[in-house]
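What's counted below: heavy atoms across the whole structure, side chains too, no hydrogens, waters or symmetry copies. Worth saying up front: this structure is predicted, and the values here are computed from it rather than measured.
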Amino acid sequence: MSKTTTDPTPPTGEEDLGAAGSQLSTAPEDTLNMPSLGVIGWARWFWRQLTSMRVALLLLLLLSLGAIPGSLIPQSGTDETKVAQFRKDNPTLGDLYDKLGLFHVYSSVWFSAIYILLFVSLVGCIIPRTWQFVGQLRGRPPGAPRRLTRLPAYTTWRTEAEPEQVRAAALALLKKRRFRAHLAGDAVAAEKGYLREVGNLAFHIALIVMLIAFAWGQLFKMEGNKLIVEGGGFSNTLTQYDDFKSGSLFTQDDLDPFSFKLNDFQGTYEKNGPNRGTARTFQAALSYSVGAYGKAKKTTVKVNEPLEIGDSKVYLTAHGYAPVITVRDGKGNVVYHDAVPLLPLDSNITSSGVVKVMDGYRDAKGVRQQLGFEAFFLPTYTPGNEVSSTFPALGNPVLNLAGYYGDLGVDSGVPQSVYQLDKSHLKAFKDSKGQQRENLRPGQTMKLPNGAGSITYESTEEWANFQVTRQPGSGWALAGAIAAIFGLAGSLFIQRRRVWVRAVRGDDGVTVVEMAGLGRSESAKVPEELGALADVLYDQAPGAPEPDEDSTDTPDPQVVPAERLEK
């Protein structure tokens with residue numbers, strides 16, 4: 001019979017646990033006292049978030065997405081004409097794009113903010129990792145774990161060699177295989193593959209170099225175009241360019257002082273076969289000088305072979321024809337004589353343009369007027385094909401002209417293209433058929449009706465368009481891109497791994513050798529590499545016979561082949 005007595009009233013939890021029990025209650029507190037981070041705490045939290053890999057990848061994604069409208073929407077820094085046309089065709093959408101900065105994406109506030117945040121994130125990520133890596137290089141590989149059998153790759157055998165001899169042989173072998181190795185207690189510790197982290201750091205540093213180079217190039221870049229007829233020249237000043245755009249920090253003083261003259265343009269084309277009309281020779285012979293008193297030099301500029309002067313490069317970008325036109329009034333006085341560049345419309349250089357006579361012309365009654373002519377040029381005219389040239393070279397040139405008189409609108413103050421004719425205040429010259437339009441060959445003249453004068457197609461010159469560019473930082477950007485590729489390749493293909501070799505004397509007086517490997521990154525080569533190292537070391541410290549075997553028997557090497565190493 002039990003002598004144990006029970007209390008009819010069981011104790012409550014608070015009586016049993018005391019004060020500690022009262023604190024275990026799951027009842028919600030009336031108030032939660034959250035610690036205040038403060039300004040410094042919030043700054044640290046923001047910095048940790050900004051320098052995290054997740055935020056860096058998010059910023060890269062945002063930068064890529066932000067570049068999409070810069071490719072799809074016309075940009076004011078590239079083509080003002082297309083931007084103006086877009087605004088005219090889409091007034092509502094154009095106003096919205098203006099507010100969002102989509103007509104100048106790469107210089108907008110939001111794109112610059114993403115750009116700068118990504119730059120800061122990369123810097124904040126690289127500095128601590130670089131410092132940590134320097135510490136690893138200054139240190140030594142860690143000593144061997146107590147139980148090597150737990151590592152993914154492992155092998156062991158017994159040998160009659162002394163432990164010191166085995167460790168010395170292992171140390172020499174690992175150093176020969178370019179491991180960083182040292183003796184740590186009864187084992188040799190070695191590590192290899194530090195270039196993986198070097199590649200990783202090089203990749204991120206290269207990204208920073210590229211970001212700086214692109215930003216520098218955008219701020220100080222310049223690009224201008226100039227069309228020059230044979231015999232014409234150019235001086236590198238802002239007023240000489242047909243169109244010019246530059247970075248926000250570029251000034252006129254940054255222009256390299258040089259000038260050049262187009263002596264001759266040569267273009268030859270394939271005459272037969274499936275590639276008929278394809279350009280074979282496309283080059284411009286120039287005379288150029290550097291500085292105000294530089295000596296004239298001659299050179300040849302070809303496609304993708306620019307003339308380099310200082311930090312500027314002069315590229316040959318286009319070619320066309322410029323018929324030489326002479327216009328006379330009713331009294332036979334020459335009121336216009338010049339080569340008129342025409343713009344190509346197709347690969348066979350079918351071209352169009354206008355001739356504008358703005359001053360000096362008077363009609364048969366002596367009234368001052370302005371003349372305009374629409375010009376359509378075929379370098380090789382084939383009868384029956386009136387709308388296009390059949391070959392790009394000057395085989396059978398024909399110039400089609402249609403004349404107008406009145407007010408060209410050039411005095412209104414509104415800019416207009418030299419390749420277009422504003423007919424709103426012009427009247428067409430008309431013959432008996434309703435409108436005068438004629439095909440002229442070199443040397444032929446078209447008479448204007450009612451004694452208004454004439455226009456003569458004298459000959460044909462050639463023109464070339466040159467693009468002068470200055471892109472600072474392009475060399476650094478290229479170097480950064482190459483370094484990023486090699487750094488990324490190193491971080492992906494170089495495997496960092498550790499190897500330990502322990503040699504201790506067993507209870508029976510025979511040396512026990514243990515070898516183990518561990519990959520710091522996922523690698524299937526650790527077992528194979530450890531097997532190869534074990535084979536070499538086994539030759540220097542051959543296996544000893546097992547204790548229960550006859551001493552005359554051949555020792556069993558006990559080296560586990562690479563494919564049988566534990567994983």
Shortest non-hydrogen separation from [X] to [Y] and the atoms involved:
| X | Y | result |
| --- | --- | --- |
| Thr511 | Pro163 | OG1-CD, 3.3 Å |
| Ala484 | Phe203 | O-CD1, 3.3 Å |
| Gln283 | Leu316 | CA-CD2, 4.0 Å |
| Leu533 | Leu173 | O-CD2, 3.6 Å |
| Ser52 | Ser121 | O-OG, 4.3 Å |
| Asp186 | Val504 | OD2-CG1, 3.4 Å |

Within the distance-only criterion (no hydrogens, no angle test), does the side chain of [X] pair as donor or acceptor with the backbone N or O of [Y] below 3.5 angstrom?
| X | Y | answer |
| --- | --- | --- |
| Arg87 | Asp98 | no |
| Trp463 | Leu342 | yes |
| Ser76 | Phe103 | yes |
| Thr149 | Arg147 | no |
| Trp47 | Gly124 | no |
| Thr300 | Ala284 | no |
| His182 | Pro141 | yes |
| Asp311 | Pro472 | no |
| Tyr106 | Phe111 | no |
| Gln75 | Leu102 | yes |

Exercise. Does a side-chain N-to-carboxylate-O contact under 4.0 Å join Glu270 and Arg280?
Worked result: yes

Let me confirm one number: the [atom1]-[atom2] distance from [X] to [Y], rounded to the nearest 0.5 Å.
| X | Y | atom1 | atom2 | answer |
| --- | --- | --- | --- | --- |
| Tyr419 | Leu343 | OH | CG | 5.0 Å |
| Ser474 | Lys313 | OG | NZ | 5.5 Å |
| Asn465 | Thr317 | CG | OG1 | 4.0 Å |
| Phe391 | Thr350 | CZ | OG1 | 12.5 Å |
| Tyr321 | Ser389 | OH | OG | 8.0 Å |
| Asp264 | Glu230 | CG | CD | 5.0 Å |

Problem set entry | Among Arg129, Gln132, Arg496, side-chain hydrogen bond (donor to acceptor under 3.5 Å, both in side chains) partner for Glu197 | Arg129

Problem set entry | Distance under 6.0 Å and angle within 45° of ring axis: Lys192 vs Phe179 | yes

For this session: Establish, for the pair Arg276 and Tyr269, whether the NZ or CZ atom is under 6.0 angstrom from the six-membered ring centre and no further than 45 degrees off its axis.
Result: no

Problem set entry | Trace of the side-chain contact (heavy atoms from CB on, under 4.5 Å) decision for Arg196 with Asn200 | CA-CA 6 Å; Arg196 177 186 179 88; Asn200 201 342; 6.0 Å; no

For this session: Apply the test side-chain contact (heavy atoms from CB on, under 4.5 Å) to residues Leu255 and Gln252: give CA-CA distance (whole Å), side-chain angles for both, the deciding distance (0.1 Å), then the verdict.
Result: CA-CA 6 Å; Leu255 291 171; Gln252 185 174 355; 4.1 Å; yes

For this session: Give the C-alpha distance, both sets of side-chain angles, the deciding distance and a yes or no for side chain to side chain donor-acceptor pair (under 3.5 Å) between Ser259 and Ser289.
Result: CA-CA 6 Å; Ser259 60; Ser289 60; 3.3 Å; yes

Can you list, pair by pair, the side-chain donor-acceptor contacts under 3.5 Å of residues 58-74, counting residues two or more places apart and other chains?
from	atom 1	to	atom 2	distance (Å)
Ser64	OG	Leu60	O	3.0
Ser71	OG	Ala67	O	3.3

Would you indicate whether the side-chain heavy atoms of [Y] and [X] approach each other to under 4.5 Å?
| X | Y | value |
| --- | --- | --- |
| Val512 | Arg502 | no |
| Trp110 | Ile114 | yes |
| Leu122 | Leu211 | yes |
| Leu93 | Phe86 | yes |
| Val314 | Phe234 | no |
| Gln467 | Pro306 | no |
| Leu530 | Arg497 | no |
| Val468 | Lys226 | no |

Exercise. With no hydrogens and no angle check, do the side chains of Asn225 and Asp243 hold a donor and an acceptor under 3.5 Å apart?
Worked result: yes

Problem set entry | Aromatic ring proximity, centroids under 6.0 angstrom, Tyr115 and Phe214 | no

For this session: Evaluate the criterion side-chain contact (heavy atoms from CB on, under 4.5 Å) for residue pair Val499 and Glu529; output intermediate values, then yes/no.
Result: CA-CA 10 Å; Val499 173; Glu529 186 173 32; 5.6 Å; no

Exercise. Which of these, Phe265, Phe260, Phe258, Tyr288, sits in a ring pair (Phe, Tyr, Trp, His ring centres under 6.0 Å) with Phe466?
Worked result: Phe260

Problem set entry | Whether over 12 other heavy atoms sit under 6.0 Å from Asp539 CG | yes

Exercise. How would you list, by chain and number, every residue that makes a salt bridge (charged side-chain N to carboxylate O under 4.0 Å, His left out) with Glu223, sequence neighbours excluded?
Worked result: Lys245

Problem set entry | Test log, rule side-chain contact (heavy atoms from CB on, under 4.5 Å), inputs Arg167 and Leu171 | CA-CA 6 Å; Arg167 290 194 289 265; Leu171 183 63; over 6 Å; no

